[in-house]
There are 2 protein chains.
Amino acid sequence: MADLRRPERTFTIRQLCNEFKATPRALRFYEDKGLLNPAREGLNRVYSHKDRVRLQLILRGKRVGLSLSEIRELLDLYDENDEGAAQMARSLKKFRERANALEQQREDIDNALIELREACNRLEKRLAEIRPDLLPRAADYEQVLRARLDGHAEATLGK
Amino acid sequence: MADLRRPERTFTIRQLCNEFKATPRALRFYEDKGLLNPAREGLNRVYSHKDRVRLQLILRGKRVGLSLSEIRELLDLYDENDEGAAQMARSLKKFRERANALEQQREDIDNALIELREACNRLEKRLAEIRPDLLPRAADYEQVLRARLDGHAEATLGK
DNA sequence: GTCAACGCTTACGTAAACGTCAACTTCAAA
DNA sequence: TTTGAAGTTGACGTTTACGTAAGCGTTGAC
């Protein structure tokens, strides 16, 4: 009867949370920060399709490591100027900046990895000389592989 | 007269700060957290060569993204068991874990970069159709290159 | 009739690594 | 003698993105 995709369809907070794997607290927090502005039915929040889209944009922004305030700026731009052009240019700029920052981060990580590998090699050599029995073998991989199944991007990109 | 490299030479807090580009507040903080334990001359801190080495290790640890508490654990191991073997094994393990984490981070970053580039491409295409004059050109590089001259690793690896 | 599930608001807690006062002492140079 | 530089110990502030209650109202299921 009610097509789920009808634009006039609305969502409860929990529906959006389930769909996007967020928590109610998070959505309220975004609202508090001015990223969302759902309608009210009495006290209860009622999310429209536009709100849903905004939430999607928020989460995408987070995925690429933008801060909430940066995301808010972008969303504000979309609102002010809805015909879309100047704000697209600004978004593009923001995204490029973010990409550059990420590339810098990759460089930093690569440098850290170099330093780490040197330290590992030194330790391995000395351990092999002195106490080869204590050499921790690469059996650590199991742990690592298990841990890898979760949401690492959030931690990595600064949450 | 006094050879600067003589092992009995001591250092003031500011000397070490200048040498390693840290702040007094930071060294006191490390001390507060149990990473350093300089002698006192009255109230003033007097850093020995061993303290200097410890500080170097602390900063190296930070450079590769270890937390202060992880660094403290490693330093504690060096102290307990000064003949060095089991603790080297543990350090090695820690370093390998850290290296794995960093590799994971690189992957996360690469994924974010993919998502970003897609978004950039979409925006560029639409902008080129609608308002090609608004296309932000790659003149941003100047800003980026300037910013690149500073300590990015700290930000990148979580400070 | 009542209990659980969901919703709300307000407000404090968390983690990390310091920065930033305030309020002082101590020392050496001018 | 004064003043300026450097040192000290607290203690609170900062940032980000929420988590975690506390305490209350509403509603559907049984």
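Chain letters run A, B, ... following the sequence lines, proteins first and then strands; every chain starts at 1.
Following rounding to the nearest Å, B:I13 (CD1) and C:dT25 (P) show an atom-to-atom distance of 20 Å. Between B:D32 atom CG and D:dC12 atom P there is a gap of 14 Å when expressed in whole angstrom units. Atom CG of A:L35 and atom P of D:dT16 are 13 Å apart (whole Å). Rounded to whole Å, the distance from CD on A:E70 to C1' on D:dT16 is 12 Å. Between the CG atom of B:L16 and the P atom of D:dA6 there is a distance of 15 Å, rounded to whole Å. The CD atom of B:E31 sits 11 Å away from the C1' atom of D:dT8 (whole-angstrom rounding). Taking atom NZ on B:K33 and atom P on C:dG19, their separation rounds to 14 Å, with Å as the unit.
Remark: A:E19 engages A:R52 in a side-chain hydrogen bond (donor to acceptor under 3.5 Å, both in side chains) (not counting sequence neighbours). Shown here are the side-chain hydrogen bond (donor to acceptor under 3.5 Å, both in side chains) partners of B:D32, two or more places apart in sequence or in another chain: there are none. Annotation: salt bridge (Lys or Arg N to Asp or Glu O under 4.0 Å) contacts of A:R122 (sequence neighbours excluded): none. Applying the side-chain hydrogen bond (donor to acceptor under 3.5 Å, both in side chains) criterion to A:R106, with sequence neighbours excluded, gives B:D110. In this structure B:R90 satisfies the salt bridge (Lys or Arg N to Asp or Glu O under 4.0 Å) test with no other residue, sequence neighbours excluded. Residues passing the side-chain hydrogen bond (donor to acceptor under 3.5 Å, both in side chains) test with A:R98: none are found, sequence neighbours excluded. Considering only residues two or more places apart in sequence or on other chains, A:E31 meets the salt bridge (Lys or Arg N to Asp or Glu O under 4.0 Å) condition with A:R40, A:R45.
No engagement by B:S69 is indicated, since no non-hydrogen atom pair under 4.0 Å with the nucleic acid exists. A:R14 comes within contact range of the sugar-phosphate backbone alone, with a heavy-atom separation under 4.0 Å but no base atom that close.
Heavy-atom minimum distance, A:L27 versus A:L16: CD1-CB, 4.1 Å.
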Write down the protein N/O and nucleotide N/O pairs, taken from nucleotides 18-21 of chain D, whose separation is under 3.5 Å; answer none if there are no such pairs.
{"unit_1": "D:dC18", "atom_1": "OP1", "unit_2": "A:K62", "atom_2": "NZ", "d": "3.4"}
{"unit_1": "D:dC18", "atom_1": "OP2", "unit_2": "A:Y30", "atom_2": "OH", "d": "2.8"}
{"unit_1": "D:dC18", "atom_1": "OP2", "unit_2": "A:K62", "atom_2": "NZ", "d": "2.5"}
{"unit_1": "D:dG19", "atom_1": "OP2", "unit_2": "A:T23", "atom_2": "OG1", "d": "2.9"}
{"unit_1": "D:dG19", "atom_1": "N7", "unit_2": "A:R25", "atom_2": "NE", "d": "3.2"}
{"unit_1": "D:dG19", "atom_1": "O6", "unit_2": "A:R25", "atom_2": "NH2", "d": "3.0"}
{"unit_1": "D:dT20", "atom_1": "O4", "unit_2": "A:R25", "atom_2": "NE", "d": "2.9"}

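Taking a 4.0 Å limit (strictly below) on heavy-atom distances, residues 37-45 of chain B does not reach DNA chain C anywhere.
Considering CD of B:E115 and CG of A:L102, their distance stands at 11.0 Å, rounded to 0.5 Å.
For the OP1/OP2 pair of C:dC6 and a distance below 4.0 Å, the side-chain nitrogens and oxygens of A:T12 include no atom meeting the criterion.
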